[in-house]
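Lettering of chains follows the sequences in order, A, B, ..., and the numbering in each one begins at 1.
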Number of protein chains: 2
Amino acid sequence: MDMLPQGGIDRGSGVALWRQIADRLRQAIVDGEFGEEGAMPGEMALSARFAVNRHTVRAALAGLVEEGLIETVQGRGTRVRSIKRYTFPISRRTRFSEGLAGQFRDRQVTVIEETTVPASERIAAELRLAPGHPLLRLVLVSRVDGLPLSNSTNYFDAKRLGQMGAQVRETGSITRAYAALGIADYVRRSTEITARLADERERALLELKPGAVVMEARAVNDTPDGVPLQFAITAFAADRVTLSLGAPLEEPA
Amino acid sequence: MDMLPQGGIDRGSGVALWRQIADRLRQAIVDGEFGEEGAMPGEMALSARFAVNRHTVRAALAGLVEEGLIETVQGRGTRVRSIKRYTFPISRRTRFSEGLAGQFRDRQVTVIEETTVPASERIAAELRLAPGHPLLRLVLVSRVDGLPLSNSTNYFDAKRLGQMGAQVRETGSITRAYAALGIADYVRRSTEITARLADERERALLELKPGAVVMEARAVNDTPDGVPLQFAITAFAADRVTLSLGAPLEEPA
DNA sequence: TCCATTTGTCTATTTATCTAGACAACTCGA
DNA sequence: TCGAGTTGTCTAGATAAATAGACAAATGGA
């Protein structure tokens, strides 16, 4: 448990001690610090390590039990429940399902909201449309094996791609929805990544606790000859997803 | 202030109400919600909006004043201080200074630690060395215009690149340190990105408050003909940096 | 200058968190 | 079976956070 230094819990920060300990333990769990067995130090050991009362440690562990991350058994101790982290490659040819291929058995894309909105200056510029142009706005949640990984808000030219909502519902995939509308191929023009605390809606959709971190990716997809198709803002649950850039970056010759 | 819905502050989450409000306001500030003037709603309005007592709002604002993000003037109200966000492009040819070119006037790389460590299994594999091979480990902090943007831990083959520490200190740049050691060019093999709360050391080095979010990039650099040079783990302050993938991704022909 | 609006400061009470101590109940290896 | 080690539960007190109310002080527009 190298990442858990002696003490180091901040008082007066506005984050309860139990919460800070829970956050630290969660990070250690996500980082695989407790090995294959997942056996964690006992309450008294954690109490000594964090220099807090045992009850404070108990509160932290109770939080993690409630999150489903650990299980505690009286007399035996505390163990990490099996957790799964997914690596999502980002490239010019980013595809959700193909990107995660081999990492799951079942995948599901749910349309949460479908509305038509006027294009803001920013989105209009990205999609090379006039501000105010009607856009189809699709809010999606993507799950693998029942676990929500991302929540995205997607914008399409409503005049050209107004059927994307219906097609995503029918096919369960943006790639297949495009194909159904006659768009055989698309490529990622750009992606901007930042990170922050998840907001209320993201927490609800991704089943996250307050204080959870998301990586936000803002991306634009074009046809291979450069016609704008989609502007998307995607929040990935940072505890569950790693974004990977590497060898697949290079476009097939 | 669209991103600040009515109410929505969680009780019992282990994060104080004032802290949640401060986090929300900080995010709104970072997202540019308060416009060019930076004028924010008054305490009474925020109190109503978040459905908390005015003093709780005052505690939140005090936190942001202490961070230097805002200034409050009795009788006049609260304004955002000018903040700066940097966009850092990631490509095969990632270079810290060139990547941020045009976004700052002054840049500084500080060597925080220089040690020799045996290669772990993971790093040995990335650098194609034997586990236990001696590695030069350099901990760096990079600042622009005095603002710390990233904290990185870099690993080099100590036998081939043992002088990197001295050269980084002398030249203020990894690229120039490589050049001084006869390595004229290098490319990014892969990058993996995730995000989490900053740990204690990161907070100290990047001047962040408890609960701040960092984006962690794990990257490997090679020579153009594929000889491994460097394994680096970099924590970027998520409030200050956006990682950008896009047009510059394509390698010059 | 006046006054509406805003932040600043003080006192007081209630609620939440942290600490402390003690004992019960369970697990599992010797 | 015994006992060391572990988690579970209870009572109690101290400290921190949240709420409430009131009034002072400053700003800036009419």
Asks: Only distances under 3.5 Å count here; give the side-chain donor-acceptor pairs of residues 59-68 of chain B to other protein atoms, sequence neighbours excluded, each with its distance to 0.1 Å.
Replies:
{"unit_1": "B/Glu66", "atom_1": "OE2", "unit_2": "B/Lys209", "atom_2": "NZ", "d": "3.0"}
{"unit_1": "B/Glu67", "atom_1": "OE1", "unit_2": "B/Arg26", "atom_2": "NE", "d": "3.0"}
{"unit_1": "B/Glu67", "atom_1": "OE2", "unit_2": "B/Arg26", "atom_2": "NE", "d": "3.4"}
{"unit_1": "B/Glu67", "atom_1": "OE2", "unit_2": "B/Arg26", "atom_2": "NH2", "d": "2.6"}

Asks: What string of B, S and - do you get for nucleotides 24-30 of chain D, 5' to 3', if B is base contact, S is sugar-phosphate-only contact and - is no contact with any protein heavy atom under 4.0 Å?
Replies: BBBBS--
Asks: List for me each residue that meets side chain to side chain contact (heavy atoms under 4.5 Å, CB included) alongside A/Pro118, sequence neighbours excluded, and say none if there are none.
Replies: none
Asks: With A/Ile112, which residues qualify under side chain to side chain contact (heavy atoms under 4.5 Å, CB included), at least two apart?
Replies: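 Only A/Thr110, A/Val139, A/Val141, A/Leu205 meet the side chain to side chain contact (heavy atoms under 4.5 Å, CB included) criterion with A/Ile112.
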Asks: Between the base of D/dG21 and the side chain of B/Arg54, is there any donor-acceptor pair under 3.5 Å?
Replies: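 In this structure, the two groups form no donor-acceptor pair.
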Asks: Counting side-chain heavy atoms from CB outward, which of D/dA18, D/dT7, D/dA22 is closest to A/Thr78?
Replies: D/dT7
Asks: Please enumerate all residues that pass side-chain hydrogen bond (donor to acceptor under 3.5 Å, both in side chains) together with A/Glu202, with sequence neighbours excluded.
Replies: A/Arg196
Asks: If the condition is side-chain hydrogen bond (donor to acceptor under 3.5 Å, both in side chains), which residues does A/Arg76 pass it with, not counting sequence neighbours?
Replies: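 So A/Arg76 forms no side-chain hydrogen bond (donor to acceptor under 3.5 Å, both in side chains) with any residue.
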Asks: Any side-chain N or O of A/Arg58 under 4.0 Å from OP1/OP2 of C/dT17?
Replies: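 No, because none of the side-chain N or O atoms of A/Arg58 sits under 4.0 Å from OP1 or OP2 of C/dT17.
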Asks: Can you figure out which of C/dT7, C/dT19, C/dC10 approaches the side chain of B/Thr72 most closely?
Replies: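 Among the listed nucleotides, the one closest to the side chain of B/Thr72 is C/dT7.
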Asks: Is the distance from OP1 or OP2 of C/dT17 to the nearest side-chain N or O of A/Thr56 less than 4.0 Å?
Replies: no
Asks: Does D/dA20 have its OP1 or OP2 closer than 4.0 Å to a side-chain nitrogen or oxygen of B/Asn53?
Replies: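 B/Asn53 to D/dA20 OP1/OP2: side-chain N or O found under 4.0 Å.
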Asks: The side chain of B/Val52 is closest to which nucleotide in this list: C/dT19, D/dT19, C/dT17?
Replies: D/dT19
Asks: Which of the following nucleotides, C/dC18, D/dT19, C/dT7, is nearest to the side chain of A/Arg11?
Replies: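 The answer is C/dC18, which lies nearest to the side chain.
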